[in-house]
Participant: 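One structure, as structure tokens, below. Some questions next.
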Amino acid sequence: MNDQNKPPNKEPSGPQDELKKTDQEIARKEKFQRLILGGVDPFPHKVEKTHTASEIVAQFPPLTKEELEANKIQVRVPGRIVSVRQMGRATFFHISDGRAKLQVYLREDVAGPKAYELFSLFDIGDWIDVKGVLFKTRTGELTVLCDAFTFLAKCFHPLPEKWHGLQDVELRYRRRYLDLIMNPEVGEVFRVRSAIVSFIRRFFDQRGYVEVETPMMQAIPGGALARPFSTHHNALDIDLYLRIAPELYLKRLVVGGMDKVYEINRNFRNEGIDSEHNPEFTMLEFYEAYCDYNDMMNLTEELLCQLSRALFGKEEFPYGEQTISLSRPFRRVKFMEALSQYSGLAPSRFDDRKGIIEFAAALAPEKKPSTFGKAIDIIFDKHVKPQIVQPTFIINPPKEVSPLAKAAKDNPDEAARFELMVAGMEIANAFSELTDPAEQRKRFEEQAEERKKGDEESHPVDMDYVQALEYGLPPTGGEGIGIDRLAMLFANRKSIREVILFPLLRPKE
RNA sequence: GGCCCGUUAGCUCAAUCGGUAGAGCAGCGGACUCUUAAUCCGCAGGUUGUAGGUUCGAGUCCUACACGGGUCACCA
């Protein structure tokens with residue numbers, strides 16, 4: 001920020017909204033002012049630390065009491081004060097760096113009466129930089145015997161209760177920083193998420209894939225069937241859409257000869273919000289030339305199996321009440337077989353298209369299924385999806401709901417496509433990419449017909465993409481994997497909001 | 001968007017049939033130099049989400065609204 005953009009000078013040193021302050025907030029502000037009067041720098045620039053709390057907790061506990069006494073290990077460690085136990089002229093407190101807690105022992109006769117008095121101006125929640133020697137208490141807890149400390153930052157609000165933490169889910173999402181301070185397992189979830197993403201990058205990088213970034217703002221929002229967010233570019237005076245998928249751009253790159261590409265980035269879909277859907281979500285998409293969807297299945301198994309090993313050291317892990325096993329090979333079952341198996345409808349009944357539409361209409365009358373494709377989607381969602389716990393490739397769904405996929409080799413009505421279901425969630429979706437420009441154009445036109453009939457989620461016509469195909473897309477396998485759902489799976493969370501740091505909420509007040 | 005549930009002190013939760021809104025933690029004052037949910041004594045802290053209504057009297061019953069959660073619809 002340059003100086004001209006700065007807001008007019010306000011008092012920088014305190015919480016906003018003076019009127020609403022509680023007695024505790026007033027007390028904290030007063031202590032802060034007394035610290036400043038005592039010559040303390042209220043906003044220091046830098047900490048010359050020797051360790052973080054996590055590093056100390058990871059490194060030194062194996063040393064015995066005697067070894068610690070002999071070695072006199074000097075440390076200087078910053079952290080947030082998370083608990084205080086004061087006993088006259090001595091005080092124990094814990095500091096935290098967000099991951100690990102470290103105990104500090106402050107004695108008046110060690111730190112000096114002046115410093116000891118100064119510490120009474122610190123509150124739970126304040127940041128402090130502690131200097132001292134490591135030792136072990138009578139109960140064996142590794143502790144810093146503090147001889148000096150520095151003020152780092154004031155916490156002007158009282159923290160939530162130490163024993164129960166912060167429970168209110170709304171507050172947890174709106175003030176995720178409080179959630180992270182109070183609930184250490186939350187930080188762990190996002191470390192798992194980060195580990196997943198970096199593992200995926202390594203996995204594809206090692207296989208010669210190139211990570212690319214394609215437009216988030218698109219004139220034609222293609223690559224999936226969903227309603228987009230729209231926006232406007234002023235200088236060009238054009239309407240644009242936030243992308244619902246990167247697919248068509250990634251395949252343009254394969255046309256250009258980038259034969260292995262992947263992208264991990266945000267997609268935006270203007271749809272409902274629930275425990276599996278956030279309007280912005282993160283998608284991995286990857287495309288490999290000369291491959292078909294069978295190769296993608298093998299690659300997916302390898303990725304997930306290795307990912308499980310990297311995270312847990314094994315191929316099994318808990319999800320809710322279940323134990324998920326990612327051992328290869330995953331079950332593969334044809335869409336129509338899964339449909340009749342789980343719905344209890346005999347395979348022959350699916351020859352009666354009208355009858356199936358009526359069956360689906362009875363299952364979900366609000367949806368008013370008009371086509372066979374929509375009808376079997378309903379039956380799939382109601383009967384099949386919730387029952388699949390262990391990883392299962394649902395292969396060769398009907399072609400009509402797959403406008404960007406090749407037809408299956410042995411059946412022109414089926415798509416060369418699979419969806420990977422785990423724990424009732426759709427984790428991945430892949431197909432042998434449609435490479436025939438004339439066929440692609442025809443499929444777009446069919447979708448355009450659907451749109452005219454009022455289907456807002458039909459695929460828009462993208463003639464520029466057809467033109468790209470006319471330059472020749474080699475046989476290509478492509479896949480999308482929902483990163484948020486993967487994170488839910490591996491972090492054992494039932495809501496997508498638990499794996500998105502700042503899920504979309506309605507603004508308050 | 002429909003339906004169900006929730007919203008009480010900074011936080012976590014109580015409050016019986018509609019009858020003076022309580023506790024623990026956190027805070028403030030005091031005691032205490034190995035505590036760890038420290039302990040002990042005392043004190044303070046509330047427009048019960050918002051706006052109406054019923055009633056002698058509403059945290060409690062009714063209506064509307066706000067926000068959140070669940071579920072259904074839509075979707076990945």
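All values derive from a computational prediction rather than experimental measurement. Note on naming: letters A, B, ... go to the chains in the order of the sequence lines (proteins, then strands), and numbering restarts at 1 for each one.
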Participant: Regarding A:Arg172, tell me which of base, sugar-phosphate or nothing describes its non-hydrogen contacts under 4.0 Å with the strands shown.
Facilitator: nothing

Participant: What does A:Glu108 touch in the nucleic acid at a heavy-atom separation under 4.0 angstrom: a base, only the sugar-phosphate, or nothing?
Facilitator: nothing

Participant: Please give, in whole Å, the distance from B:A76 P to A:Asn278 CG?
Facilitator: 15 Å

Participant: I want to check something: taking the side chain as every heavy atom from C-beta on, are A:Val197 and A:Thr282 in contact at a cut-off of under 4.5 Å?
Facilitator: no

Participant: Would you call B:C17 syn or anti, using the 90° rule around 0?
Facilitator: syn

Participant: With a 3.5 Å cut-off and no angle check, do the side chains of A:Tyr287 and A:Glu285 form a donor-acceptor pair?
Facilitator: yes

Participant: Send over the distance from A:Asp274 CG to B:G2 C1', rounded to a whole Å.
Facilitator: 15 Å

Participant: Please report the distance separating the C1' of B:G24 from the corresponding atom of B:A38, rounded so that it comes out in whole Å.
Facilitator: 15 Å

Participant: Could you tell me the separation between the CG atom of A:Leu486 and the C1' atom of B:A76, rounded to a whole number of Å?
Facilitator: 13 Å

Participant: When all nucleic acid strands are considered with a 4.0 Å heavy-atom cut-off, which category describes A:Gly480: base, sugar-phosphate, or nothing?
Facilitator: nothing

Participant: Between atom CE in A:Met87 and atom P in B:A37, what is the gap in whole Å?
Facilitator: 13 Å

Participant: Under 4.0 Å from OP1 or OP2 of B:G70: is there any side-chain N or O of A:Arg497 that close?
Facilitator: yes

Participant: Quick one: label A:Gly482 by what it contacts on the DNA or RNA (base, sugar-phosphate, nothing), any heavy atom closer than 4.0 Å.
Facilitator: nothing

Participant: Across the strands shown, which category fits A:Phe93 at heavy-atom distances under 4.0 angstrom: base, sugar-phosphate, nothing?
Facilitator: nothing

Participant: Paired with B:G49: which nucleotide, if any, by Watson-Crick or G-U wobble criteria at under 3.5 Å for both distances?
Facilitator: B:C65

Participant: Under 3.5 Å, which N/O atoms of the protein pair with N/O atoms of nucleotides 21-28 of chain B?
Facilitator:
{"unit_1": "B:C25", "atom_1": "O3'", "unit_2": "A:Lys162", "atom_2": "NZ", "d": "3.3"}
{"unit_1": "B:A26", "atom_1": "OP1", "unit_2": "A:Lys162", "atom_2": "NZ", "d": "2.9"}
{"unit_1": "B:A26", "atom_1": "N3", "unit_2": "A:Gln24", "atom_2": "NE2", "d": "2.8"}
{"unit_1": "B:G27", "atom_1": "O4'", "unit_2": "A:Gln24", "atom_2": "OE1", "d": "3.1"}
{"unit_1": "B:C28", "atom_1": "OP1", "unit_2": "A:Lys31", "atom_2": "NZ", "d": "2.4"}

Participant: For B:U71, does either OP1 or OP2 sit under 4.0 Å from a side-chain N or O belonging to A:Lys494?
Facilitator: no

Participant: Taking atom NZ of A:Lys31 as the centre, does the number of heavy atoms from other residues, nucleotides or ligands within less than 6.0 Å exceed 12?
Facilitator: yes

Participant: How far does the C1' atom of B:C56 sit from the matching atom of B:C43, given to the nearest Å?
Facilitator: 36 Å

Participant: Is the shortest heavy-atom distance from the side chain of A:Phe149 to the side chain of A:Leu118 under 4.5 Å?
Facilitator: yes

Participant: With the side chain of A:Gln167 defined as its heavy atoms from C-beta on, choose the nearest nucleotide among B:G69, B:A76, B:U12.
Facilitator: B:U12

Participant: Any base atoms under 4.0 Å from A:Arg138, or only sugar-phosphate, or nothing? Heavy atoms, all strands.
Facilitator: base

Participant: Quick one: label A:Phe135 by what it contacts on the DNA or RNA (base, sugar-phosphate, nothing), any heavy atom closer than 4.0 Å.
Facilitator: base

Participant: Please work out if A:Arg485 contacts a base, only the sugar-phosphate, or nothing of the nucleic acid, heavy-atom cut-off 4.0 Å.
Facilitator: base

Participant: So do the side chains of A:Glu55 and A:Asp97 get within less than 4.5 Å of each other, counting heavy atoms only?
Facilitator: no

Participant: Name the residue closer to the 5' end of RNA chain B, choosing between A:Arg175 and A:Lys65 according to the nucleotide with the nearest heavy atom.
Facilitator: A:Arg175

Participant: Look at all strands and tell whether A:Asp484 reaches a base, only sugar-phosphate, or nothing, counting heavy atoms closer than 4.0 Å.
Facilitator: nothing

Participant: How far, in whole Å, is B:A37 from B:U71 if one measures between their P atoms?
Facilitator: 37 Å

Participant: Can you tell me the pairing partner of B:C40 across any strand shown, Watson-Crick or G-U wobble, with both distances under 3.5 angstrom?
Facilitator: B:G30

Participant: Under a 3.5 Å cut-off for both distances, is B:C17 Watson-Crick or wobble paired, and to whom?
Facilitator: none

Participant: A quick test of your reading: do over 12 heavy atoms of other residues, nucleotides or ligands sit less than 6.0 Å from CZ of A:Arg266?
Facilitator: no

Participant: Ignoring hydrogens and angles, state whether a donor on the side chain of A:Tyr241 or A:Asn270 is under 3.5 Å from an acceptor on the partner side chain.
Facilitator: no

Participant: Roughly how many Å is it from CZ in A:Phe380 to P in B:A76, rounded to a whole number?
Facilitator: 12 Å

Participant: A:Arg506 has a side chain; which of B:C72, B:G68, B:U35 sits nearest to it?
Facilitator: B:G68

Participant: Rounded to whole angstrom units, what separation is found between the CG atom of A:Leu171 and the P atom of B:G49?
Facilitator: 15 Å

Participant: Side-chain N or O of A:Arg174 versus OP1/OP2 of B:G68: is the shortest distance under 4.0 Å?
Facilitator: yes

Participant: Write down the distance separating the C1' atoms in B:A76 and B:C3, rounded off to the nearest Å.
Facilitator: 25 Å

Participant: On RNA chain B, nearest-nucleotide positions of A:Tyr173 versus A:Gln86: which is more 5'?
Facilitator: A:Gln86

Participant: If we ignore angles and hydrogens, is there a donor and acceptor under 3.5 Å between the side chains of A:Ser54 and A:Arg99?
Facilitator: no

Participant: In whole angstroms, how far is the P atom of B:A76 from the CZ atom of A:Arg269?
Facilitator: 6 Å

Participant: Provide the distance between the two P atoms, one in B:U60 and one in B:U50, to the nearest whole Å.
Facilitator: 11 Å

Participant: Within a strict 4.5 Å, meaning less than it, do heavy atoms of the A:Ile244 and A:Asn267 side chains meet?
Facilitator: no

Participant: Looking only at N and O atoms, is any donor in the side chain of A:Arg89 or the base of B:U33 less than 3.5 Å from an acceptor on the other one?
Facilitator: no

Participant: Out of B:G68, B:A38, B:C34, which nucleotide sits closest to the side chain of A:Glu170?
Facilitator: B:G68

Participant: Describe the nucleic acid contact of A:Asn267 in one word from base, sugar-phosphate, nothing, applying a heavy-atom distance below 4.0 Å.
Facilitator: nothing

Participant: Any side-chain donor paired with an acceptor under 3.5 Å for A:Thr214 and A:Glu263?
Facilitator: yes

Participant: Using the P atom as the reference point in each nucleotide, state the distance between B:A64 and B:G1 in Å, no decimals.
Facilitator: 15 Å

Participant: Using a heavy-atom cut-off of 4.0 Å across all strands, would you classify A:Leu225 as base, sugar-phosphate, or nothing?
Facilitator: sugar-phosphate

Participant: Rounded off to whole Å, could you give me the CG-to-P distance for the A:Asp168 and B:G70 pair?
Facilitator: 13 Å

Participant: At less than 4.0 Å, is any side-chain N or O atom of A:Arg107 found next to OP1 or OP2 of B:U33? Yes or no.
Facilitator: no

Participant: Please name the nucleotide paired to B:U12 by Watson-Crick or G-U wobble geometry with both distances under 3.5 Å, or report none.
Facilitator: B:A23

Participant: Classify the nucleic acid contact of A:Leu166 as base, sugar-phosphate or nothing, counting any heavy atom under 4.0 Å across all strands shown.
Facilitator: sugar-phosphate

Participant: Searching all strands shown, indicate the nucleotide that pairs with B:U55 (Watson-Crick or G-U wobble; both distances under 3.5 Å).
Facilitator: none

Participant: Considering only the C1' atoms, how many Å lie between B:C11 and B:G27, rounded to the nearest integer?
Facilitator: 12 Å

Participant: Less than 4.5 Å apart, any side-chain heavy atom of A:Leu159 and any of A:Leu178?
Facilitator: yes

Participant: Taking the same atom, P, in B:G6 and in B:C61, what whole-Å distance lies between them?
Facilitator: 9 Å

Participant: Counting the benzene-type ring for Trp, do A:Phe93 and A:Phe119 have ring centres under 6.0 Å apart?
Facilitator: yes

